[in-house]
Amino acid sequence: MRVLLLGSGAREHALAVGLSADPRVTALTAAPGNPGIADVATLRRDVSITDPDAVAALAVEVGADLVVVGPEAPLVAGVADAVRGKGIACFGPSAAAARLEGSKAFAKEVMAAAGVPTGASATCEDPTAAAAALDTFGPPYVVKNDGLAAGKGVVVTADRDAALAHAAACGRVVMEEHLAGPEASLFVVCDGTTAVPLLPAQDFKRIGDGDTGGNTGGMGSYAPLPWAPRGLADEVMAAVVRPTLAEMARRGTPFTGLLYVGLALTAAGPKVIEFNVRLGDPDGQVVLALLATPLAGLLHAAATGALAAHPPLQWRDGAAVAVVLAAAGYPGPPRTGDVITGADRPGVLHAGTARRADGALVTAGGRVLNCVATGADLAAARAAAYALVDGVRFDGAQHRTDIALRAAAGTPAR
Ligand code: AMP
């Protein structure tokens, strides 16, 4: 099987490692990829991955049997439609189905139609409506930019003025009831009709230990969740995923690809905080680290409507932990160009890195590397992940020291 992988972060590095380890894969091309992905794939840096025609042409050129789309922007732009238009299987939803992530208001509309448990919400187009909605729901206020905002579109605050300011800055917003309870992510592989859950995971959004400081794309993650109720995945499949897939199919826009269900485990049961239409980053990395089933075969089955005939998933025993190393300045504008040493080890995934002309590996983005390790339990996986962290050096590196710390003791992080 010849595979084309789109994306350039640590999630895509994890996908590349999994795809290249599948004996069915005879050739792996990544666009644009990164220096870590270059170890297991041929890189094509000359194609804009949000240009549907350009990606479809590349898929034809490399003779791809399967295209795997890592990030959301190409999906929202219609890359999967263009690839399928060439008769090539694609793991990722159509532009119409990617609206589950591309528009929070659309996601809420689908959830309402499908009877999916989620917080009450109001979509507001102007400051007067926004102010009225804030007062209906009361503090803490939850204000979400309707469109894609690279993980930074949501403000949760007790400060009414700050909530109003975010609404004014965004334009169209979704105001939501605040959902109290620990958060979990469930990733579900879908072929339009059939859906197979992966393991629940949890990520850490704030830059600082103890969930302090600015919001980030994610500073670490772990799986599985020892504190989660038994049967969580089954409950979410029944209450959320199957009704959502049925509603999307009913609308003539079946969902094929990875449905990411962000949940709050409230006193009244799991409620959906958000849908994403691709693997989480960095929470996807820990789930992939535990998946023993060959990855290309699974994603190809989903892309071709053949999941019902796919064998049950197999998982490695134990747990996985990912710790993100970020550049100086992150989550503000990151400093780039710092020389990195010690990254050339299994489990160190590249995110924001580049090769200098002299071959040195340097920082080139906010989140620079992920250190991902498995172990017999969360404590062992943590120790192994932090041992990887200790071996990597670059000036200004920042990381959290408390990833999976509470979970290793059996308590949710948040
Ligand atoms: P989202 O981009 O929708 O995942 O939101 C980012 C983060 O904001 C989530 O991971 C939650 O921590 C928080 N959040 C979003 N919606 C709510 C809500 N309705 N109640 C409480 N927290 C929320």
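When a ligand or atom number is given, it counts from 1 through the structure's own listing order. In what follows, residues are counted from 1 in the order of the sequence shown. Every value quoted in this text rests on a predicted model; they were computed, and no experiment measured them.
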Salt bridge present between E183 and K271 (N-O < 4.0 angstrom): no
For R355, all residues meeting side chain to side chain contact (heavy atoms under 4.5 Å, CB included), sequence neighbours excluded: P35, L361
Selected option - heavy-atom contact closest to atom 23 (C) of ligand 1, from V155, V156, L263: V156
K144 and ligand 1 - part of the residue with a heavy-atom distance under 4.0 Å: side chain
Option of least heavy-atom distance to atom 6 (C) of ligand 1 (set: V174, N276, V154, V272): V154
L265 to P229 - nearest heavy-atom pair and separation: CD1-CD, 4.0 Å
Distance filter under 4.0 Å to E183 heavy atoms, resulting ligand 1 atoms: 9 (C), 10 (O), 11 (C), 12 (O)
Proximal ligand 1 atoms for K104, defined as those under 4.0 Å from one of its heavy atoms: 1 (P), 2 (O), 3 (O)
Pair D283-Y222, side-chain donor/acceptor within less than 3.5 Å: no
Structural part of L179 in contact with ligand 1, heavy atom criterion under 4.0 angstrom: both
For E176, atoms of ligand 1 separated by under 4.0 Å from a heavy atom: 16 (N), 17 (C), 18 (C), 19 (N)
When the side chains of residues 285-312 are checked against the rest of the protein, which donor-acceptor pairs come out under 3.5 Å, sequence neighbours left out?
{"residue": "Q285", "atom": "NE2", "partner": "D281", "partner atom": "OD1", "Å": "2.8"}
{"residue": "Q285", "atom": "NE2", "partner": "N370", "partner atom": "OD1", "Å": "2.7"}
{"residue": "T293", "atom": "OG1", "partner": "Q314", "partner atom": "N", "Å": "2.7"}
{"residue": "T304", "atom": "OG1", "partner": "H300", "partner atom": "O", "Å": "2.7"}
{"residue": "T304", "atom": "OG1", "partner": "A301", "partner atom": "O", "Å": "3.4"}

Cationic N near anionic O, under 4.0 Å, D402 to R382: no
Side chain, backbone, both or neither: the part of E274 lying under 4.0 Å from ligand 1 by heavy atom: side chain
